[in-house]
Amino acid sequence: MGDLVESFWLYGKDGAKYRGYIHQERISASSLDGLGPKTARLANGPALNFVDDNTFENTATGELLSRTKP
């Protein structure tokens, strides 16, 4: 896992609250030095797919989670 770049709360449509994290990989090859892809996960482990800036899909359940309360 890469460097932690953001920590935030996510909410399910039933109002359940989850802690999300975004990590960013670093590429350190001489010709490719820079930032790599970002990955998102819930605090309890499942990966998240980016839907848009405020919405994520829990890959374990398919549930859509939002940064804003329902």
Side-chain angles (χ1 to χ4, degrees):
M1 208 175 292
D3 297 332
L4 179 65
V5 289
E6 189 176 0
S7 172
F8 50 92
W9 289 107
L10 291 168
Y11 301 91
K13 66 180 177 182
D14 62 355
K17 188 175 175 180
Y18 304 91
R19 184 56 122 178
Y21 298 98
I22 295 179
H23 291 85
Q24 188 159 29
E25 299 296 326
R26 260 212 171 299
I27 298 173
S28 54
S30 61
S31 63
L32 299 173
D33 196 29
L35 297 175
K38 289 183 179 179
T39 57
R41 289 192 134 358
L42 290 176
N44 62 349
L48 298 170
N49 285 332
F50 294 89
V51 175
D52 60 35
D53 288 339
N54 293 312
T55 310
F56 299 83
E57 178 191 23
N58 180 335
T59 60
T61 65
E63 180 181 12
L64 291 179
L65 304 172
S66 174
R67 290 182 191 242
T68 57
K69 290 183 182 182

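Keep in mind that this is a model prediction, so the values were computed, not measured. When reading the values below, keep in mind they use all heavy atoms of this one structure, side chains included, and skip hydrogens, waters and symmetry mates.
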Inset, instruction - Could you give me the CA-CA distance, side-chain angles and deciding distance for Val5 and Gln24, then say whether side-chain contact (heavy atoms from CB on, under 4.5 Å) is met? - result: CA-CA 7 Å; Val5 289; Gln24 188 159 29; 4.0 Å; yes
Inset, instruction - Report the C-alpha separation of Leu48 and Leu42 in whole Å, then their side-chain angles, then the decisive distance to 0.1 Å, and conclude whether the side-chain contact (heavy atoms from CB on, under 4.5 Å) test is met. - result: CA-CA 7 Å; Leu48 298 170; Leu42 290 176; 3.8 Å; yes
Inset, instruction - Could you walk me through whether Asn58 and Leu64 pass the side-chain contact (heavy atoms from CB on, under 4.5 Å) test, one step at a time? - result: CA-CA 6 Å; Asn58 180 335; Leu64 291 179; over 6 Å; no
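- Classification of the Phe8-Phe56 ring pair by plane angle, with boundaries at 30° and 60°, yields parallel.
- Atom NE2 of residue His23 and atom CG of residue Asp3 lie 8.0 Å apart, to the nearest 0.5 angstrom.
- Using a 4.5 Å cut-off on side-chain heavy atoms (C-beta onward), Pro46 and Arg41 make no contact.
- Under the side-chain contact (heavy atoms from CB on, under 4.5 Å) rule, Val51 has a single partner from Asp53, Asn49, Thr55, which is Thr55.
- For the pair Thr68 and Asn54, the minimum side-chain heavy-atom distance is 4.5 Å or more.
- Distance alone, capped at 3.5 Å, places no donor-acceptor pair between the Ser7 side chain and the Tyr21 backbone.
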Inset, instruction - Apply the test salt bridge (Lys or Arg N to Asp or Glu O under 4.0 Å) to residues Arg67 and Glu6: give CA-CA distance (whole Å), side-chain angles for both, the deciding distance (0.1 Å), then the verdict. - result: CA-CA 12 Å; Arg67 290 182 191 242; Glu6 189 176 0; 2.6 Å; yes
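- Side-chain contact between Glu57 and Phe50 is absent, with no heavy-atom pair separated by less than 4.5 Å.
- Contact between Ala40 and Ile22 at its shortest, heavy atoms only, is CB-CG1, 4.1 Å.
- Each of Tyr18, Tyr11, Trp9 was scored for a side-chain contact (heavy atoms from CB on, under 4.5 Å) with Leu65, with one residue passing: Tyr18.
- Across Gly2 and Glu25, no two heavy atoms sit closer than the pair N-OE2, 2.8 Å.
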